[in-house]
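First the structure, in the form of structure tokens, and then the observations on it.
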Amino acid sequence: MWRMMKRTPVDQLNATDARAEHGRLAEEISAHDRRYYQDDAPTVSDAEYDALRRRYGELEQAFPELRTDESLTRKVGAAPSAKFAKVRHAVPMLSLGNVFDDGEVHEFVERVKRFLGLKENAPLDFTSEPKIDGLSCTLRYEKGEIVQAATRGDGFEGEDVTANVRTIAEIPHRLKGRHVPEVFEARGEVYMNRADFSALNERQAAAGRMVYANPRNSAAGSLRQIDAAATAQRPLRFFAYAWGELSEQPASTQSGMIDFLHRAGFQTNRLTRVCHSADEMIAHYREIEAKRASLGYDIDGVVYKVDDLALQARLGFVSRAPRWAVAHKFPAERATTVLRAIDIQVGRTGALTPVARLDPVTVGGVVVQNATLHNEDEIARKDIRVGDTVVIQRAGDVIPQVVEVAFDKRPFDARPYQFPHVCPACGSAAVRETDEKGGVEVVRRCTGGLICPAQAVERLKHFCSRLAMDIEGLGDRQIELFYEKGLIRQPADIFTLQARDAAGEFNLREWEGFGETSVRNLFASIDQRRRIAVNRFIYALGIRRIGETNARRLARHFGTFEALRSCARKAVEGSDERAEINDIDGVGDVVAEAVADFFVEDHNEKALDDLLREVQPAPMEDIASDSPVAGKTVVFTGSLERLTRDEAKAQADRFGAKVSGSVSKKTDLVVAGPGAGSKLTKAHELGIEVISEDEWFKRTRQE
Ligand code: IVH
């Protein structure tokens with residue numbers, strides 16, 4: 001063990017020895033972290049642990065190249081999530097869409113107006129406020145008292161950090177004012193001032209403890225301390241800017257709600273304004289941008305939100321982001337460094353992605369040593385070569401990118417980069433497919449399907465992920481481990497794990513980091529998923545171009561997995577089966593081809609047979625499935641008074657109906673407003689039910 005070895009003073013080490021020792025220490029410290037945080041069974045004293053950490057920090061100070069993205073001194077949060085109880089959010093915590101320039105701000109405003117059926121020049125107010133670079137938190141108050149605080153997590157489920165949050169002075173334990181709602185969830189950003197961050201890092205460094213890369217990581221790490229007393233020592237702050245569950249709504253506008261939050265005792269951002277046009281929003285963005293450096297805390301853009309809450313409700317959400325808000329991000333920060341190598345990564349769908357390995361460089365407070373090169377054509381277009389000095393940029397949480405080459409610094413012997421034509425993971429041919437318009441796809445893909453180890457691991461991770469099979473306890477790390485050890489090679493293996501374990505094949509309980517309880521829980525959560533909604537099951541298969549929405553469309557159309565499978569198996573080009581898939585509303589050629597490709601592939605068939613012996617896809621889970629219009633084909637015609645066309649379409653989709661533009665035998669329902677013409681006539685001719693817009697609201701149980 002390392003601590004038994006004699007330690008050479010750091011200044012007498014050469015770079016090779018320092019790197020080796022740094023690597024050994026990282027492993028040892030990580031093992032102690034696991035034993036401490038996950039197993040509750042530390043094997044060294046705090047002092048010994050601190051000595052290891054200190055030595056590790058000293059090595060990095062003497063040899064700065066050791067401080068990479070992977071360094072333990074860069075890791076966010078001391079504690080793996082195992083320590084915090086999970087909290088399911090009553091109202092999901094969403095993310096925001098981004099815009100990057102003035103034109104996109106105008107487009108956002110236009111899009112909102114179009115959705116609401118407003119004229120381009122109609123008045124519409126937006127709030128505009130800084131986007132704080134911290135971590136979002138939800139704080140639940142009941143009868144005015146704080147009862148729970150949770151991090152955002154994946155938006156649906158976060159971690160219970162109540163005890164830690166109680167130590168933050170800026171967060172009231174009791175809401176001020178006499179008329180506070182019975183249930184009130186305040187949401188906002190936990191962050192750290194820059195000055196407080198620097199002072200904290202100095203204290204940390206002096207104690208040989210972890211130094212943080214930036215105030216945001218520092219805020220995250222500080223909030224997630226195991227011991228709330230440790231959080232109390234950290235200078236955390238909080239801005240409130242949103243809310244979750246409310247038993248009553250104290251105001252009818254975003255700005256009114258911010259005032260309410262302020263009166264209730266929260267800090268709200270003083271730079272929040274109500275703007276009356278895109279131009280005013282942009283002017284406010286410029287004003288905030290100009291103040292950015294002097295604010296004292298990090299912000300990474302400006303957030304615009306529709307002020308009227310009734311309109312926010314009408315606008316609703318697209319996937320995880322509200323239609324009524326957007327983040328206008330500040331331009332990316334840039335730096336120059338040397339590109340040492342180009343590695344090829346293989347993704348779940350077999351896409352080969354080139355990654356630049358760089359000399360470590362600090363960009364916007366974070367050390368970067370990898371950047372994406374996007375694809376083969378980008379490398380050729382920018383003529384990027386190994387050995388080049390390159391400009392890289394990083395914006396917020398986006399992966400750093402290589403922007404351009406400094407050609408004047410190019411080494412004389414640098415050769416144009418040859419993109420590989422075989423998959424680096426499995427050796428299968430890597431090809432560029434034909435795209436929708438008959439052109440060539442930019443992405444080169446491995447054709448090795450399920451035999452390619454790179455794809456198999458990624459497919460398994462996708463299979464188990466939250467929106468897919470959602471198997472608790474089978475996260476990315478466990479999947480990697482089980483794959484590597486040969487326990488799980490394809491989805492069906494997950495479900496035979498318990499039986500094989502019982503037969504004595506691998507004795508999971510004996511493995512480091514597992515143990516009796518966690519193994520039992522794992523098997524239980526696997527068993528829970530032997531019946532799973534068919535839309536999730538389809539999504540979980542990781543078929544190209546089948547995201548959540550398309551999976552739902554297929555499930556809705558076919559009803560059962562077997563119906564989909566037997567159709568898709570025969571769906572070769574030109575067949576009726578291909579046409580059937582193609583005709584599903586929102587599907588089309590390219591998706592139909594991807595579905596067919598998946599099901600005609602022999603080794604997928606075998607893997608599916610194995611899987612279906614273990615798992616039973618059940619009827620679709622959806623608010624749509626019990627809606628009276630589910631599965632119906634609806635035509636909206638005439639001028640609708642309460643809904644715009646976009647809104648009507650979004651509602652229909654939400655309630656499981658398909659929208660069609662024309663009336664035919666296949667139409668089930670026509671929603672007609674005043675002035676409906678030929679479509680209405682045709683509906684009458686064909687004997688199709690015609691209802692009013694008001695009736696649509698009743699049918700879909702919206703009133
Ligand atoms: S509003 C439903 N306002 O940005 C919309 N978010 O990219 C909820 N953030 O997860 C978000 N400052 O952590 C909003 N003034 C602000 C914000 C803000 C920072 C963060 C928040 C959110 C992320 C989305």
Side-chain angles (χ1 to χ4, degrees), residues 76 89-100 104 108 112 126-139 149-159 161 165 170-171 185-193 214-220 223-224 236-246 249 253-255 257-259 261-262 266-275 281 284-285 287-289 291-292 295-309 311-330 395-398:
V76 180
H89 302 307
V91 176
M93 294 182 76
L94 299 156
S95 56
L96 290 170
N98 293 325
V99 295
F100 293 94
E104 288 180 331
F108 164 69
V112 166
F126 288 85
T127 56
S128 169
E129 70 200 69
K131 184 168 188 296
I132 316 298
D133 202 5
L135 73 151
S136 54
C137 248
T138 183
L139 315 170
T151 59
R152 175 171 184 270
D154 63 4
F156 299 102
E157 199 173 67
E159 289 173 349
V161 286
V165 158
E170 283 189 353
I171 293 182
E185 260 178 46
R187 291 182 175 175
E189 206 82 353
V190 171
Y191 70 101
M192 201 178 275
N193 271 345
N214 53 41
R216 180 177 41 149
N217 286 2
S218 178
L223 185 65
R224 298 177 72 261
L236 291 172
R237 293 168 185 269
F238 183 77
F239 273 130
Y241 53 68
W243 55 93
E245 191 180 348
L246 304 176
Q249 185 127 355
T253 58
Q254 180 76 32
S255 45
M257 286 296 289
I258 301 299
D259 290 342
L261 284 163
H262 191 70
F266 293 100
Q267 297 297 320
T268 53
N269 198 289
R270 281 191 299 128
L271 293 172
T272 307
R273 294 255 187 299
V274 176
C275 297
M281 289 149 72
H284 190 228
Y285 168 90
E287 191 185 322
I288 293 177
E289 193 181 28
K291 292 190 176 134
R292 184 178 182 187
L295 287 179
Y297 50 87
D298 282 356
I299 63 174
D300 57 348
V302 173
V303 184
Y304 308 126
K305 300 171 186 170
V306 169
D307 195 33
D308 184 327
L309 300 185
L311 297 183
Q312 285 191 3
R314 274 179 64 193
L315 283 155
F317 305 90
V318 235
S319 26
R320 305 280 189 88
R323 281 199 191 83
W324 44 264
V326 82
H328 187 174
K329 299 296 268 293
F330 292 132
D397 39 15
V398 180

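We count ligands from 1, going down the list as the structure has it; atoms in each ligand are counted the same way.
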Side-chain heavy-atom pair Leu246, Met257 within 4.5 angstrom cut-off: yes
Going by heavy atoms in the side chains, are Ile299 and Arg292 under 4.5 Å from each other? yes
Using side chain to side chain donor-acceptor pair (under 3.5 Å) as the criterion, point out the one residue from Arg187, Glu245, His89, Arg152 that pairs with Thr138. Arg187
Angle class for the His328/Tyr304 ring planes (parallel below 30°, perpendicular above 60°, tilted otherwise)? tilted
Sub-4.0 Å atoms of ligand 1 with respect to non-hydrogen atoms of Pro322: 2 (C)
For ligand 1, which atoms, with element, lie under 4.0 Å from some heavy atom of Leu94? 10 (O)
Heteroatom distance test (Lys131, ligand 1): nitrogen or oxygen, under 3.5 angstrom: yes
Does Lys305 come within less than 4.0 angstrom of ligand 1, counting non-hydrogen atoms of the residue? yes
Counting heavy atoms only, name the option from Gln312, Gln254, Glu189 that's nearest to atom 13 (O) of ligand 1. Glu189
Output yes when the distance from some N or O of ligand 1 to some N or O of Pro130 is under 3.5 Å, and no in every other case. yes
Can you give me the closest heavy-atom contact between Leu315 and Arg323, atom names plus distance? O-NH1, 2.6 Å
Subset of ligand 1 atoms that lie under 4.0 Å from at least one heavy atom of Arg152: 10 (O)
Member of Trp324, Phe126, Phe100 meeting the ring pair (Phe, Tyr, Trp, His ring centres under 6.0 Å) criterion with Phe108: Phe126
Does Gly134 have a heavy atom less than 4.0 Å from any atom of ligand 1? no
Residue and atom name of the nearest protein heavy atom (relative to atom 19 (C) of ligand 1), distance in Å to one decimal: Ile132 O, 3.1 Å
Identity and separation of the nearest protein heavy atom to atom 24 (C) of ligand 1: Leu96 N, 3.5 Å
Give me the nearest non-hydrogen protein atom to atom 6 (N) of ligand 1 as residue plus atom name, then the distance to 0.1 Å. Tyr241 CE1, 3.3 Å
Taking 4.0 angstrom as the limit and counting only heavy atoms of Glu129, give me the atoms of ligand 1 inside it, by number and element. 3 (N), 15 (N), 16 (C)
